[in-house]
Amino acid sequence: MSEKKTKRRDFLFTATTAVGAVGAAAVVWPMIDQMNPDASVKALASTEVDVSSLTPGNTITVLWRGKPVFIRRRTQDEINEARSVKMEDLIHPEKDEDRAKNPEWLVMLGVCTHLGCVPLNDKGDYNGWFCPCHGSHYDTSGRIRKGPAPWNMEVPKYEFVNANTIKIG
Amino acid sequence: MSEHEFRPKSKVGQWFNDRLPLLTLANHLTDYPTPKNLNYWWTFGGILTFCLITQIVTGLTLAMHYIAHADMAFESVEHIMRDVNYGWLIRYIHANGASMFFLAVYIHIFRSLFYGSYKSPREIIWILGIIIYLLMMAAAFMGYVLPWGQMSFWGATVITNLFSAIPLVGEGIVTWLWGGYSVDNPTLTRFFTLHYLIPFLILGLVVLHIWALHVPGNNNPVGIDIKKPSKDTVPFHPYIVIKDGFALLMFMIVFAFFVFYSPNILGHADNYIEANPMVTPAHIVPEWYLLPFYAILRSVPDKLLGVVAMLSAILILAVLPWLDTSKIRSAVFRPLYKQFYWILVADVLILGYVGAMPAEGLYLLIARVATAYYFLHFLVILPVLGFKEKTIPIPLSITEPVLGGTPNLAMAKKKESKIE
């Protein structure tokens, strides 16, 4: 008799705990999710940049989603250098052809993939970028070659709206 | 602890105390039997309590004038400095108070390391202390972000990016911490909220820390268990109150020196430039009290492993009571440990120095050696030392070595004086 009662009580305990846990999770999730990017932040998704004044060998930095984006009009030497690198020499192998569809234009987030500093132009051992914070060297394609950063600088989604304007995002 | 017999003298006191035994608590705190040989290294608990209260009071008053918004934070800090009555004083006390807090906490921690205060039965006091220390670092880091200067912004960027080292979910966590795609206004407002909250969490943990301390009672320079109360103890009030008070005054002189004569020497000039997401300062350095861990982070060439090494360097302290296998608490009776202790102190100071230097060439090499030694100390030297070390016999009480006693104790005393 007592055994049967114990089982019913066990069921009630388990069911109550389960419902309680689901309820608690349902309350906790909004508290956590409120910290994710809100609608107004997400709305600032794209930026258009006029690049007509940019001459080869120069870089402009624009702000997109609060982050700097490097737009570099590369010289032929830089393109050749970037495209002649062997894949096995790269820490994060990516073809320059995939990173810069139009070889003259390199568009990427100016954010070091180590801890998020802004690397400096025309610096470092690979003629590309150098991050002063913790010493990461990037090549003329923005690929990591030396230092603590694990990945190449990210290429965002972008397109040429017309010959002079790049739309990022 | 003799307070269970305590009974207030007045009728009203008895009536109140029967309903809420606050007077029993007050009596416990004043009569609390304290080892009579405590030296000045033991005064830093009181000094730290003072630091916490100073930070809370100055922080509350600053919050009355500060505006947590990316467009206004920098200006509101300048407004505090220039317009608010005594705003400069309150802000300088708060900013330098953080440094003083860490100065005191490091002395407090290294005192525990020297005298083995983390060992049984005081492991919980020690672990609570490590949690307080972690919260202090979080509070200090977030507080440093609030003025929204260049170091604020880039310090926040670098430290939050540490989480991106976590495989798979790292990037998502960083976006969640930021509330956007970079450090920006949502980051600032939540950091302000947490910076406001954490000191009160610390206050709660300090109560637990002291509660846990009052169960076994204080460790002492000799590191032996003592009977309480006995002729080896004195009541906390007035003996320890006066001693702590005197040490606190000395500490306040140092504090006041920084506040009044060199209020910016511990800060970075770059933080008087407003945050600019387009330009990283040439040389990002955290505040001095985080430099040893920063050096460890930078000494590892891999991103994830660097973060793991840095966090392990702190968390390893939490398991210290079990890594140190020696039964003897005080380094006074551990001739080998005493030497390794001072090597560790030097090692941490070296890490702090190279943490402030660029991570290249010789500095990087030194940082790597010092990082390796740091872990070697805790993971190899301490466990092995407990079995190999020939310790000096410990006295049976605090009083006996001073007043003379058995031949065994006289020998202990002689050996001790040789080492000192």
Side-chain angles (χ1 to χ4, degrees), chain A residues 29 31-47 59-71 91-92 109-121 123-125 129-137 144 146-151 154 156-157 168-169, chain B residues 70 150 153-165 167 170-187 189-191 193-194 275-286 294 297-307 310 358-361 363-364:
Chain A
W29 176 245
M31 297 299 161
I32 293 171
D33 194 41
Q34 56 83 22
M35 280 174 69
N36 272 317
D38 62 32
S40 75
V41 170
K42 284 181 183 162
L44 301 168
S46 71
T47 305
T59 305
I60 55 167
T61 309
V62 296
L63 211 57
W64 173 65
R65 286 177 156 185
K67 280 180 175 170
V69 174
F70 293 151
I71 302 175
I91 294 166
H92 175 196
L109 291 184
V111 175
C112 180
T113 56
H114 181 224
L115 294 173
C117 296
V118 180
L120 303 170
N121 257 325
K123 288 248 166 64
D125 297 352
W129 284 266
F130 172 71
C131 183
C133 292
H134 307 96
S136 292
H137 300 256
I144 178 67
K146 195 174 128 188
W151 305 297
E154 190 186 337
K157 213 181 103 199
I168 305 165
Chain B
Q150 272 291 66
F153 184 90
W154 291 102
T157 300
V158 167
I159 300 296
T160 48
N161 261 306
L162 293 178
F163 291 91
S164 71
E171 297 289 336
I173 290 175
V174 173
T175 304
W176 176 72
L177 287 173
W178 287 340
Y181 303 103
S182 65
V183 172
D184 210 332
N185 194 51
T187 326
T189 50
R190 68 192 52 178
F191 276 20
T193 310
L194 294 173
N276 180 356
M278 305 279 267
V279 185
T280 306
H283 192 46
I284 295 190
V285 205
Y294 194 60
L297 168 77
R298 297 194 306 179
S299 71
V300 182
D302 181 84
K303 179 172 167 176
L304 177 60
L305 292 180
V307 174
M310 185 182 70
E360 54 199 29
Y363 293 126
L364 191 57

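Naming: A, B, ... by sequence-line order, numbering from 1 per chain. Note: hydrogens, waters and symmetry copies are ignored here, and every other heavy atom, side chains too, is used.
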**Student:** Rounded to the nearest 0.5 Å, how far does OG of Ser182(B) lie from CG of Leu63(A)?
**Tutor:** 7.0 Å
**Student:** With only heavy atoms counted, which part of Thr113(A) is less than 4.5 Å from chain B, the side chain, the backbone, both or neither?
**Tutor:**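 It is the backbone, since no side chain atom gets that close.
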**Student:** Would you name the heavy atoms of Tyr181(B) and Lys67(A) that are closest together and state the gap between them?
**Tutor:**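 For Tyr181(B) and Lys67(A), the tightest heavy-atom pair comes out as O-CE, 2.5 Å.
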**Student:** How far does CG of Asn161(B) sit from SG of Cys133(A), to the nearest 0.5 angstrom?
**Tutor:** 10.0 Å
**Student:** What's the shortest heavy-atom distance between Val41(A) and Gly180(B), and which atoms?
**Tutor:**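 Closest approach of Val41(A) to Gly180(B), heavy atoms only: CG1-CA, 3.8 Å.
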**Student:** What is the minimum heavy-atom distance between Pro281(B) and Pro132(A), and which atoms define it?
**Tutor:**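 Of all heavy-atom pairs spanning Pro281(B) and Pro132(A), the closest is O-CG, 4.4 Å.
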**Student:** Under the side chain to side chain contact (heavy atoms under 4.5 Å, CB included) rule, what do Thr157(B) and Leu115(A) come out as? Steps first, then yes or no, please.
**Tutor:** CA-CA 7 Å; Thr157(B) 300; Leu115(A) 294 173; over 6 Å; no
**Student:** Sort Val62(A) into side chain, backbone, both or neither according to what part of it lies under 4.5 angstrom from a heavy atom of chain B.
**Tutor:** backbone
**Student:** Identify which part of Leu162(B) has an atom lying under 4.5 Å from any heavy atom of chain A, answering side chain, backbone, both or neither.
**Tutor:** both
**Student:** Using heavy-atom distances under 4.5 Å, tell me whether Leu297(B) contacts chain A through its side chain, its backbone, both, or neither.
**Tutor:**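 For Leu297(B), the side chain is the part near chain A, not the backbone.
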**Student:** Between Pro277(B) and Val118(A), which heavy-atom pair has the shortest distance, and what is it?
**Tutor:**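 What the structure gives for the nearest pair is O-CG2, 3.9 Å.
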**Student:** Given a strict heavy-atom distance threshold of 4.5 Å, which part of Phe153(B) is in contact with chain A: side chain, backbone, both, or neither?
**Tutor:** neither
**Student:** Nearest heavy-atom pair of Ser164(B) and Trp151(A): which atoms, and what distance?
**Tutor:**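 Heavy-atom minimum between the residues: O-CH2, 4.4 Å.
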**Student:** Working note: Val158(B) + His134(A), criterion side chain to side chain contact (heavy atoms under 4.5 Å, CB included); need CA distance, chi angles, decisive distance, verdict.
**Tutor:** CA-CA 10 Å; Val158(B) 167; His134(A) 307 96; 4.0 Å; yes
**Student:** Distance from Arg190(B) atom CZ to Gln34(A) atom CD, nearest 0.5 Å?
**Tutor:** 6.5 Å
**Student:** Between Leu120(A) and chain B, with a heavy-atom cut-off of 4.5 Å, which part of the residue counts as in contact: side chain, backbone, both or neither?
**Tutor:**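 When you check distances to chain B, no heavy atom of Leu120(A) falls under 4.5 Å.
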**Student:** With no hydrogens and no angle check, is any side-chain donor or acceptor of Lys303(B) less than 3.5 Å from a backbone partner on Pro150(A)?
**Tutor:** no
**Student:** Side chain, backbone, both or neither: which part of Trp176(B) has an atom under 4.5 Å from a heavy atom of chain A?
**Tutor:** both
